[in-house]
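We count residues from 1, following the sequence as given. Computed from a prediction, not measured in an experiment: that's the story for all the values here.
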Amino acid sequence: QVHLVESGGGLVQPGGSLRLSCAASGFAFSSSPMRWYRQAPGKERELVAAIMSTGMTLNYAESVKGRFTISRDNGKNMVYLQMDSLKPEDTAVYYCYAPEDKGYWGQGTQVTVSS
């Protein structure tokens, strides 16, 4: 079975940093593009960042450009989201997504930015 497991979320003050991790298994991770999405309560889910199988970045949401960095380690089947200069509006559940077959989602990890 395909499994995507996010970790690294938590409570952080405005201006702080977090690094989210997504551990992937059950599919050909090294040949798959990967994405991070986020969703706040009552809000639509939005694409945050996408990365190609080669490690080339596809895109970032305009609201996070210059602050967030997506990366991957194909040898470890891991994708990361480094989040710097965090703002309260970054508060959301963050999801890892693999656009393979019918598409696969992780369970999500909560990020709360508050003083």
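Here Asn77 pairs with nothing under the side chain to side chain donor-acceptor pair (under 3.5 Å) rule; sequence neighbours left out. Take Ser63 and apply the side-chain contact (heavy atoms from CB on, under 4.5 Å) test, not counting sequence neighbours, and it matches Arg38, Ala61. In terms of the side-chain contact (heavy atoms from CB on, under 4.5 Å) criterion, residue partners of Ala23 (sequence neighbours excluded) are, by chain and number, Met78. Every residue two or more places apart in sequence or in another chain was checked for a side chain to side chain donor-acceptor pair (under 3.5 Å) with Arg19, and none qualifies. Remark: Ser114 engages Leu11, Thr112 in a side-chain contact (heavy atoms from CB on, under 4.5 Å) (not counting sequence neighbours). Qualifying side-chain contact (heavy atoms from CB on, under 4.5 Å) partners for Val113, counting only residues two or more places apart in sequence or in other chains: Val12, Pro14, Leu86, Pro88, Asp90, Thr91, Val111. With sequence neighbours left out, Asp84 forms a side chain to side chain donor-acceptor pair (under 3.5 Å) with Ser17, Gln82.
The two residues Gly8 and Thr109 have their closest heavy-atom pair at N-OG1, 4.3 Å. Of all heavy-atom pairs spanning Val5 and Gln107, the tightest one is CA-OE1, 3.6 Å. Residues Ala50 and Arg35 come closest through the heavy atom pair CB-CG, 3.8 Å. Of all the heavy atoms in Cys96 and Leu4, the pair that sits closest is O-CD1, 3.8 Å.
Pairs engaging residues 85-115 under the ring pair (Phe, Tyr, Trp, His ring centres under 6.0 Å) rule: Tyr37-Tyr97, Tyr37-Trp105, Tyr97-Trp105 [sequence neighbours left out]. For residues 47-82, no residue pair satisfies the ring pair (Phe, Tyr, Trp, His ring centres under 6.0 Å) rule, not counting sequence neighbours. Pairs engaging residues 98-115 under the salt bridge (charged side-chain N to carboxylate O under 4.0 Å, His left out) rule: none recorded [sequence neighbours left out]. Sorted by first and then second residue, the salt bridge (charged side-chain N to carboxylate O under 4.0 Å, His left out) pairs with a member in residues 52-65 read Glu62-Lys65; sequence neighbours excluded. The disulfide bond (SG atoms under 2.5 Å apart) pairs that include a residue from residues 24-71 number zero, where partners must be two or more places apart or lie in different chains.
If you take CD1 on Ile70 and CG on Leu81, they are separated by 6.5 Å, rounding to the nearest 0.5 Å. Met52 contributes atom CE, which lies 11.0 Å from atom OG of Ser31 (distance to the nearest 0.5 angstrom).
At a threshold of 4.5 Å between non-hydrogen side-chain atoms, the residues Leu20 and Glu6 do not count as touching.
Using a distance-only test at 3.5 Å, with no hydrogens or angles considered, no donor-acceptor pair links the side chain of Ser30 to the main chain of Asn74.
A continuous path of ILVMFWY side-chain contacts below 4.5 Å connects Met34 to Val2, so both sit in one hydrophobic cluster.
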